Q: 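The structure's right below; bear with me while I get my questions together.
Within every chain, numbering begins at 1; the chains are lettered A, B, ... in the order of the sequence lines, protein sequences first and strands thereafter. Excluded from the calculations below are hydrogen atoms, water molecules and symmetry mates; all remaining heavy atoms, backbone and side chain alike, are included. It should be emphasised that the depicted structure is a prediction, and the values quoted were computed from it without experimental measurement.
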Amino acid sequence: MRRPAGEPGTLMFDIKWIRANADLFDQNLKRRGMAPLTGELLALDDERKAKVTAMNEAQEKRNALSKQIGQAKAQGDDARAEQIMAEVGSLKTEVQVFEEAARNLTEELNLKLSFLPNLLHADVPDGTEEADNVTIRTHLEPAKFAFAPKEHFEIGEALGQMDFEAAARMAGSRFVVLNGQLARLERALGQFMLDLHTREHGFTEVSAPLLVREQALFGTGQLPKFSEDAFETRDGRWLIPTSEVSLTNLVREQSLDQQDLPLRFTSLTPCFRSEAGSAGRDTRGMLRQHQFSKVEMVVVTTPDKSEQEQQFMLGCAEKVLQLLEIPYRVVILCSGDMGATMRRTYDIEAWLPGQNAYREISSVSMAGDYQARRMNTRYRNNEGKLDYVHTLNGSGIAVGRALIAVMENYQNEDGTVTIPEMLRPYMGGLERIG
RNA sequence: GGAGAGAUGGCCGAGUGGUCGAAGGCGCACGCCUGGAAAGUGUGUAGGCGGUGUUCCCGUCUCGAGGGUUCGAAUCCCUCUCUCUCCGCCA
């Protein structure tokens, strides 16, 4: 793994905070199902600081003597210059030895810190698996069907507009080909969501790279820990697993002005995931694909606004389903089911009649300063001080899964699919598919 | 893909081995001047790390990034990234 991004000496996690809150930090790891680490980390940091101090002292001596050489030469006193040169020669190796030791220790510490999970928000419930997530609220009662509702792939294949076999022939499993009205419906969903967030919710639409450097994935936290989940190209770039990566990294290595915050970005992009750990799960249909389309929301804000921004974003994502009149519930993820890079995550799960289950369709998370530290993104507050920004991200919402939700919730007994009112303008006024 | 030029503080821009973290200008902040403002004038104006220091100080590092040469590097060497110009190719 290459040296993490950021200025030399920048640490990926606030070691001073760990030092001051050792118990809290280890408790946090425990809730994440990990062993305590403060002892190891602080010992390493002590060692590192000792070497840095020793290096600084040696440099101080060297600089003072070197300065004298310059002065002697300026006065034409070459003999004295020679004498001091001989004296300072041994200091050179001393500086190098300490410098190398300090660098190695900093790298070692930073590597360890870069693997640490984020701190959990106080609201996050304890738990080890999906079943421990807590439902916050539900919206709309699932509709009762007068017939046995089908799964989306049954509907799509019967319509002749969803072709997994054609996709498999050219790309392998976990890909799909949509055509005709279903392809247009996917496009309509994306347009509808983008229009909603840009017109009603104040987000700026962004078109950004889908192929990014390793540092960008490091910045948002997908690397170094989760490299097997994404696709790497032959030239060392990566296909984004979510446009959270592109949108969040818009501010990498920047110092922002407080008055410009919050920044709110949205984007409709394909997402690429290897689904390496998901073999055998959701193999039928287009619920879990290597490539899918998603509208993403990213907010960059000051620490004090992080809390309210997450609620706002959650509301923006819910609004999509409310306008589409699809039943859903909001859950808060438990400590064991959360992503390592996040402090608190709400999932929105849409009702899928064909599966007779709620399935994740959006995830809205706060990252705190975790990503900001990795990207080295700060802001200058009104007092002129620099501090790390807070970042948040959320799907607003997953287009592929929204397509599934629409198809299953709006299916008719004759195999047709009614088009939700809100989408009809995007479908040329079409009222049903099939 | 080939040839060349470049990257210095918030911005512009000097600086080719020795008190250079960096002249000068612009901008910004505060003060003086003014009835008020402009003009003029004075002062200040990066960040990281460390220090059993804590409104102020000390040390160190940072002139795109990383490494090297040297007693000493913005300045010399190597690698990388990015920008620009010309040629080729191309949607």
Q: Below 3.5 Å, can you tabulate the donor-acceptor pairs from side chains in residues 279-287 of chain A to any protein atom, sequence neighbours excluded?
A:
from	atom 1	to	atom 2	distance (Å)
A/D282	OD1	A/R359	NH1	3.2
A/D282	OD1	A/R359	NH2	3.3
A/D282	OD2	A/R288	NE	3.0
A/D282	OD2	A/R288	NH2	2.9
A/D282	OD2	A/R359	NH2	3.0

Q: I'd like to check the ring-ring contact (aromatic ring centres under 6.0 Å, His included) partners of A/Y328; sequence neighbours left out, ordered by chain and number.
A: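 Once residues adjacent in sequence are excluded, the partners of A/Y328 under the ring-ring contact (aromatic ring centres under 6.0 Å, His included) criterion are A/H139.
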Q: Considering only the P atoms, how many Å lie between B/A73 and B/U62, rounded to the nearest integer?
A: 8 Å
Q: A/R380: what forms a side-chain contact (heavy atoms from CB on, under 4.5 Å) with it, not counting sequence neighbours?
A: A/D257, A/L386
Q: Over how many whole Å does the gap from A/M85 atom CE to B/U70 atom P extend?
A: 13 Å
Q: Tell me, please, which residues at least two apart from A/F25 pass ring-ring contact (aromatic ring centres under 6.0 Å, His included).
A: A/F13
Q: Which pairs would a plain distance check flag for residues 153-162 of chain A, meaning a side-chain donor or acceptor within less than 3.5 Å of a matching protein atom at least two apart in sequence or in another chain?
A:
from	atom 1	to	atom 2	distance (Å)
A/E154	OE1	A/E151	N	2.7
A/Q161	OE1	A/Q181	N	3.3
A/Q161	OE1	A/L182	N	2.8
A/Q161	NE2	A/Q181	OE1	3.4

Q: OP1, OP2 of B/C49 versus side-chain N and O of A/R48: anything below 4.0 Å?
A: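 So the side chain of A/R48 is outside the cut-off, no N or O lying under 4.0 Å from OP1 or OP2 of B/C49.
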Q: When you compare B/U54 with B/U70, how far apart are their C1' atoms, in angstrom units rounded to a whole number?
A: 39 Å
Q: Quick one: which residue pairs count as a ring pair (Phe, Tyr, Trp, His ring centres under 6.0 Å) with a foot in residues 58-109 of chain A, not counting sequence neighbours?
A: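 Listed by first then second residue: nothing to list.
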Q: Can you run through RNA chain B from 5' to 3' and write each base as (, ), [, ], | or . depending on how it pairs? Watson-Crick or G-U wobble, both distances under 3.5 Å.
A: ((((((((.[[[..)..(.....]]]((((((.......))))))((((((.....)))))).[[[[[..)....]]]]])))))))....
Q: Once you round it to whole Å, what is the distance between P of B/G67 and CZ of A/R103?
A: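 These atoms are roughly 5 Å apart.
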Q: Mind listing the side-chain donor-acceptor pairs of residues 226-234 of chain A below 3.5 Å, one per line with the distance, residues two or more places apart or on another chain?
A:
from	atom 1	to	atom 2	distance (Å)
A/T233	OG1	A/D235	OD1	2.5
A/T233	OG1	A/R237	N	3.0
A/T233	OG1	A/R237	O	3.0

Q: What does the B/S/- profile of nucleotides 72-82 of chain B look like, 5' to 3', with a 4.0 Å heavy-atom cutoff to protein?
A: S--------SS
Q: Using atom P in both nucleotides, what's the gap between B/C61 and B/U55 to the nearest angstrom?
A: 27 Å
Q: Pull out every protein N or O sitting under 3.5 Å from an N or O of nucleotides 89-91 of chain B, one pair per line with the distance.
A:
none

Q: Among residues two or more places apart or on two chains, list those pairs meeting salt bridge (Lys or Arg N to Asp or Glu O under 4.0 Å) that have a residue in residues 167-196 of chain A.
A: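 Sorted result for residues 167-196 of chain A: A/D195-A/R199.
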Q: Does A/R374 make a cation-pi contact with A/F218 (under 6.0 Å, within 45 degrees of the axis)?
A: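 Verdict for A/F218: a cation-pi partner in A/R374.
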Q: Can you work out whether A/T53 or A/A64 has the more 5'-proximal nearest nucleotide on RNA chain B?
A: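 Per heavy-atom nearest nucleotide, the more 5' residue is A/T53.
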Q: Does atom NZ of A/K319 have more than 12 heavy-atom neighbours from other groups under 6.0 Å away?
A: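 Open: at most 12 neighbouring heavy atoms sit under 6.0 Å from NZ of A/K319.
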Q: Per the salt bridge (Lys or Arg N to Asp or Glu O under 4.0 Å) rule, what does the pair list look like for residues 51-71 of chain A, sequence neighbours excluded?
A: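 Not a single pair qualifies under salt bridge (Lys or Arg N to Asp or Glu O under 4.0 Å).
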